[in-house]
Engineer: 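Below is a structure I'd like to ask you about.
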Amino acid sequence: MSAPLQQAARALSAATNVCVLTGAGVSAESGVPTFRGLDGLWKNFRPEEVSNPDAFARDPALVWEWYNMRRDRLGGVEPNPGHHAIAEIERRVDRFTLVTQNVDGLHAAAGSRNVLEVHGNIWRTLCTGCGRRQDRTGERLDALPACPACGALLRPDVVWFGEMLDPDLWDAAVEAVRSCDLFLSVGTSAVVYPAAGLLDAAAGAVKIEVNVEPTPASARVDIALAGRSGQLLPLLARQAFGLGD
Ligand code: OAD
């Protein structure tokens, strides 16, 4: 086991209040493409161009095509050992908060409980007319889905570029990060704000990053672990909590 991984495991075993921030990389080993990685399936869809309210106003069918494609892709997808290790860490520490930028619902599927989905959830719809939210997990939606209550156009219940994050969720995230003694950033390119700024709110915490490549966060953490989260997180949890195989 590498020295940084041992150091990280020691910090985790001593921690009582852990905050984890995840991005698309944590779901990569489940077969979900990241947004900016080399594996990006979404090459034809730059997230900044298609995930914004103007694009939806201009061409809702194109935006829905992207979201329906992603919903289809997610249909057969399972959490990977990285998601499970994060759920295990939650079970082992006194206080735990998971802040995720992911909209895929895989953390909850892995058993994580205290999850703040600050960018929303792709399985939910939000009515552009009456504002009603609905869980449409696993359902195939029309190319331009209509609200069953009022007939207006639905949109995915996700946060788009240029939109505010839900203030209650965001406040809870900042509060959790400020009070934690260990902050773990996993599989995020750390370029999309405000989520990327959470690292700086973790002023009093030991800061650890898990990523396959260096990011703008790498130089600002105490321990940067290079590798895949599906591999490193189970090792980290096992070492920190003395778990068997
Ligand atoms: P990105 O696609 O920007 O970054 C994914 C990160 O995961 C990269 O830094 C990869 O190096 C890393 N990575 C890939 N595979 C990995 C693995 N197996 N283990 C560990 N790391 C791995 O995704 P996010 O940072 O989540 O927002 O992007 C942030 C936001 O931008 C998303 O929430 C989304 C997007 O546009 C909205 O839709 C509002």
Side-chain angles (χ1 to χ4, degrees), residues 1-27 82-102 107-108 110-119 159 164-229 231-243:
M1 180 170 293
S2 72
L5 190 56
Q6 270 177 345
Q7 201 191 344
R10 272 197 301 276
L12 180 56
S13 67
T16 58
N17 186 348
V18 172
C19 195
V20 178
L21 170 69
T22 62
V26 78
S27 295
H83 296 106
H84 288 297
I86 291 170
E88 184 62 30
I89 294 171
E90 179 170 13
R91 289 191 282 271
R92 301 268 164 181
V93 296
D94 293 344
R95 288 178 65 195
F96 180 92
T97 307
L98 173 55
V99 183
T100 187
Q101 300 166 85
N102 298 346
H107 284 301
S112 286
R113 300 176 80 90
N114 192 22
V115 189
L116 303 174
E117 292 180 314
V118 291
H119 288 174
V159 178
M164 294 278 293
L165 274 55
D166 178 304
D168 292 336
L169 279 182
W170 180 246
D171 288 352
V174 172
E175 184 47 40
V177 173
R178 278 203 188 124
S179 63
C180 76
D181 54 19
L182 187 136
F183 180 82
L184 180 59
S185 174
V186 182
T188 175
S189 56
V191 296
V192 175
Y193 281 76
L198 285 173
L199 179 63
D200 302 312
V206 177
K207 289 174 259 192
I208 301 170
E209 178 184 53
V210 174
N211 202 302
V212 288
E213 58 188 35
T215 74
S218 307
R220 287 148 51 208
V221 296
D222 301 295
I223 307 166
L225 301 175
R228 290 186 278 127
S229 50
Q231 208 166 37
L232 289 180
L233 292 178
L235 284 175
L236 181 65
R238 209 175 297 153
Q239 179 77 4
F241 305 121
L243 307 175

Engineer: Rounded to the nearest 0.5 Å, how far apart are OG1 of Thr97 and CG of Leu116?
Structural biologist: 6.0 Å
Engineer: Is there side-chain contact between Cys180 and Arg95, with heavy atoms separated by less than 4.5 Å?
Structural biologist: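 A side-chain contact is absent here, since even the closest heavy-atom pair is not under 4.5 Å.
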Engineer: Apply the test side chain to side chain contact (heavy atoms under 4.5 Å, CB included) to residues Val118 and Val159: give CA-CA distance (whole Å), side-chain angles for both, the deciding distance (0.1 Å), then the verdict.
Structural biologist: CA-CA 8 Å; Val118 291; Val159 178; over 6 Å; no
Engineer: Which of these, Leu98, Leu182, Asp94, sits in a side chain to side chain contact (heavy atoms under 4.5 Å, CB included) with Val18?
Structural biologist: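 It is Leu182, the one option of Leu98, Leu182, Asp94 that forms the side chain to side chain contact (heavy atoms under 4.5 Å, CB included) with Val18.
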Engineer: Rounded to the nearest 0.5 Å, what separates atom CG in Leu165 from atom OH in Tyr193?
Structural biologist: 14.0 Å
Engineer: Measure across Ala217 and Glu209 and return the closest heavy-atom pair with its distance rounded to 0.1 Å.
Structural biologist: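 In this case the closest contact between Ala217 and Glu209 is CB-OE2, 3.6 Å.
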Engineer: Donor-acceptor pairs under 3.5 angstrom involving side-chain atoms of residues 4-15: please list them, not counting sequence neighbours.
Structural biologist:
from, atom 1, to, atom 2, distance (Å)
Ser13, OG, Ala9, O, 3.4
Ser13, OG, Arg10, O, 3.0

Engineer: When rounded to the nearest 0.5 angstrom, what distance separates NE2 in His84 from CG in Leu233?
Structural biologist: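 The distance works out to 12.0 Å.
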Engineer: Considering non-hydrogen atoms only, spot the tightest contact between His83 and Ala110 and give its length.
Structural biologist: CB-CB, 3.6 Å
Engineer: Does Asn114 use its side chain to pair, donor to acceptor, with the backbone of Phe96 at less than 3.5 Å?
Structural biologist: yes
Engineer: What closest approach, in Å, do Asp168 and Asp166 show between heavy atoms, and which atom pair accounts for it?
Structural biologist: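 The answer is N-OD1, 2.8 Å.
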Engineer: Nearest 0.5 angstrom please: Ser2 OG to Leu235 CG, how far?
Structural biologist: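 Reported value, rounded in 0.5 Å steps: 9.0 Å.
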Engineer: Once rounded to the nearest 0.5 Å, what's the spacing between atom CG of Asn17 and atom CZ of Phe183?
Structural biologist: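 It comes to 12.5 Å.
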Engineer: Before you tell me yes or no, could you show the steps for Cys19 and Val99 under side chain to side chain contact (heavy atoms under 4.5 Å, CB included), namely the whole-Å CA-CA distance, both residues' side-chain angles and the distance that decides it to 0.1 Å?
Structural biologist: CA-CA 7 Å; Cys19 195; Val99 183; 4.2 Å; yes
Engineer: Counting only heavy atoms not in Arg113 (residues, nucleotides, ligands), do more than 12 fall under 6.0 Å from its CZ?
Structural biologist: no
Engineer: Which pairs would a plain distance check flag for residues 184-192, meaning a side-chain donor or acceptor within less than 3.5 Å of a matching protein atom at least two apart in sequence or in another chain?
Structural biologist:
from, atom 1, to, atom 2, distance (Å)
Thr188, OG1, Gln101, NE2, 3.0
Thr188, OG1, Ala190, N, 3.2

Engineer: For the atom pair CG (Asp200) and CZ (Arg220), what is the distance rounded to the nearest 0.5 Å?
Structural biologist: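 Answer for the CG-CZ pair, Asp200 versus Arg220, is 4.5 Å.
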Engineer: Which pair of heavy atoms, one from Val210 and one from Gly227, lies closest together, and at what distance?
Structural biologist: CG1-O, 4.0 Å
Engineer: Is a donor on one side and an acceptor on the other found under 3.5 Å between the side chain of Asn102 and the backbone of Gly23?
Structural biologist: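 A pair under 3.5 Å: yes.
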Engineer: Between Ala87 and Gly111, what is the shortest heavy-atom contact and its length?
Structural biologist: CB-C, 3.9 Å
Engineer: Looking at His107 and Thr100, what are the two nearest heavy atoms and their distance?
Structural biologist: CD2-OG1, 3.6 Å
